[in-house]
Structures are given as structure tokens and as C-alpha cells.
Amino acid sequence: MSLEVPLPPLGRCAVHPDLPAGGTCTRCGSFICADCATSVSGLGARLYCKACAERPDVNYLEALRQRYQGKRDEWAWVVGGVTLLLCVATAAALAQWGLRATRESLFTLLLLLPVPVGVAFFLGRRWARHALLFTPLVMAVAADALVPTGRFLFFACAIPAFVTGLRIHRDVRNQLFFRLPVPPGMLKLLWNERFNNPMARQAARFGFSALLMPLLAPVAVICGVVALTRVDSKATPPIGRKDQAITGLVLGLASPLLWGFFLLPWLAERLHF
Ligand SMILES: [Zn+2]
Ligand SMILES: [Zn+2]
């Protein structure tokens, strides 16, 4: 006669049978011990087994990082394009006026100053990210030294270029191109912007537009309904933007009422129809 040792109520870890399980994996439901329980950034308090936590559909922020890491973003192409334009413009100017030791030809050569920075940026050299910020200011100072009468114009051009540089410098997608370590919170913002129920954002946009153009109201309603059916806070990754979907839906429904009962009668009265 053998004595069966009863298992603890939750059973044992699927990977470590000698350890008691503390819970189950949110995705596959297998028992996990304290060692195996893994939380995934962007998914709150849910716990997963190690295998599930590595899946791209669960660890969606890490999957997003791998998808974009080292891949040129829109800004890299813009900087590359502007660099090419500067080369073409300088070549055209030199073909027109030739290279003489005059201030004008020196001024033309100034257009070549950002070219090495632009090329390095396009190739993903990290120093170029910082250099890009200061290039417009250096150009303005150099241009000012050559033609002091244009000071206002040079700085008026340099300041928007600097502000654009600052935007590029802070852009998460661009930081991924440069393979910089981006924290999960920033990845989540990027994911939210690009993949979190974009239809809901469209619904809200069409809803506000429908207040001015009632013909857009059905579009806002359809987008709002579709977006609302997609909202699922328990999904992996969670799909949100419920408020924007509702905003689109409500504005889409309100617009025909607003026009039918208030704006059209008011307009008709004003225009003496
Ligand atoms: Zn699992
Ligand atoms: Zn375990």
C-alpha cells in the first residue's frame, strides 16, 4: 500500500516539476513557478511563461523595436533627399558662375557644408544626429561672416531648420534607425501612434469634419462603429481608443441633426428662401 502525496491545489510548474506553481500563463494557460513568471512591458500586471513572453505577438513592443531597428525612417530619407538637392544646387551654381575667388563662389560652396553630415545621417552614423542640430546655426554664422547684410534672412532660415532638427533628434522611430536604446515607454508611444486602433482616430477626425461638412457624417459613423468593435482591452496587445471611436460616432450622428434642425433653418431665414 503506497501513500499518494497530494499535489498543492495549483499543481507544479510545467518547466520545473519540483517547484510549486504560483499561477498560470495568460496566453497558454500552463502552470508557472515564481522563476518562470515573466511580465511583459506594455501589458500591465499579466504574467506569462518564458516561452510565451518571447513571442512577438505577446512582447509586441520588442517586436516593434526589432522591426524598425536599423531601418531607415521617413526622416532619414528626407535628410538624404535634401543632401542630394544641395549637391545638385551647388553643381548648378558652379556650372553657371564657375569657381572664382569671390565672395559669391565662397557663398555657393557654403551649401556643401551640410553634405557630409547629411550623408553620415543617411548612413546611420550616430554623431550625425547631433551634428544635424547645429549645422543650420553654423551655416548661418558662416553666411553672416561672408555677407553681413543678410543676417536677418540667414537666421530666419536657420531657426526653423534647427527646430526641425530638434524634432528629428527626439523622434523615436528615427532613434530606432540609429539603433539607440529606446525605453519601453517610448516604444509604447510609437506603437500607440501607429498601430493602436487607427480607425478610431479617423472616426474622430471625420466626426469633427462632419460638423462643417454633413456629407462626412456617414463616414464618421461607419468608422466609429468599426473602431468600437475593434476595442479590446484584454487582447494582446490591448486595442484602445474607445473614447475617440465614440466621439466619431456621436459627432457623426449629431451632425445631421444639427444641420437639419438648426443650421439649415437658420441659413434659410438669413437668405430669405
Ligand atoms: Zn505560456
Ligand atoms: Zn518554472
Side-chain angles (χ1 to χ4, degrees), residues 1-74 76 124 126 170-204 222-249:
M1 196 174 146
S2 65
L3 268 175
E4 291 271 315
V5 181
L7 287 171
L10 257 175
R12 307 212 152 249
C13 174
V15 180
H16 309 102
D18 50 325
L19 293 176
T24 54
C25 168
T26 310
R27 189 189 155 270
C28 68
S30 61
F31 288 130
I32 43 178
C33 70
D35 268 359
C36 290
T38 314
S39 59
V40 175
S41 54
L43 287 176
R46 302 179 200 180
L47 290 174
Y48 294 88
C49 69
K50 287 231 156 69
C52 286
E54 276 169 17
R55 290 173 59 97
D57 55 330
V58 174
N59 202 348
Y60 65 104
L61 294 180
E62 190 51 41
L64 185 74
R65 183 204 303 278
Q66 282 168 14
R67 174 174 172 176
Y68 287 143
Q69 188 135 283
K71 297 230 169 60
R72 259 175 216 106
D73 67 327
E74 299 84 349
R126 283 188 193 170
R170 294 166 53 108
D171 189 274
V172 179
R173 173 64 188 90
N174 186 256
Q175 290 175 11
L176 286 175
F177 161 53
F178 284 95
R179 296 176 181 278
L180 292 174
V182 175
M186 303 296 280
L187 283 174
K188 180 127 194 219
L189 286 180
L190 181 67
W191 183 87
N192 199 33
E193 186 191 306
R194 299 201 175 194
F195 302 105
N196 185 11
N197 209 352
M199 181 73 92
R201 200 159 31 175
Q202 292 298 333
I222 292 169
C223 287
V225 169
V226 173
L228 209 53
T229 58
R230 288 185 184 166
V231 172
D232 184 359
S233 60
K234 291 205 171 73
T236 316
I239 302 297
R241 294 193 189 277
K242 191 178 184 178
D243 43 353
Q244 285 185 332
I246 293 175
T247 305
L249 183 60

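Ligands are counted one by one from 1 in listed order, and the atoms in each one are counted from 1 as well. All values derive from a computational prediction rather than experimental measurement. FYI, the numbering just counts along the sequence from 1.
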- Message: Quick check for you: within a radius under 2.8 Å, how many protein N, O or S atoms neighbour the Zn ion (ligand 2)?
- Response: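 Every protein N, O or S atom under 2.8 Å from the Zn ion (ligand 2) counted, the figure is 4.
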
- Task: Quick one: sort the W191 and Y60 rings into parallel, tilted or perpendicular, breaks at 30° and 60°.
- Result: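 Ring orientation of W191 relative to Y60: perpendicular.
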
- Query: Does D57 pair with R55 as a salt bridge, N-O distance under 4.0 Å?
  - Reply: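 Judged by the 4.0 Å cut-off on N to carboxylate O distance, D57 and R55 do form a salt bridge.
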
- Charged N to carboxylate O below 4.0 Å: is that the case for E74 and R194?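 Counted as a salt bridge, because a side-chain N and a carboxylate O are separated by less than 4.0 Å.
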
- Message: With rounding to the nearest 0.5 angstrom, report the CZ to CZ distance, R65 to R179.
- Response: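 It is 12.0 Å, given to the nearest 0.5 Å.
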
- Task: Please confirm whether the backbone N or O of E54 pairs with a side-chain atom of N59, one donor and one acceptor, at under 3.5 Å?
- Result: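 No, because the side chain of N59 does not come within donor-acceptor range (under 3.5 Å) of the backbone of E54.
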
- Is there a donor-acceptor pair under 3.5 Å between the side chain of N197 and the backbone N or O of I239?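 No.
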
- Query: About how large, to 10 degrees, is the angle SG of C52, then the Zn ion (ligand 1), then SG of C28?
  - Reply: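 Reported to 10°, the angle equals 110°.
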
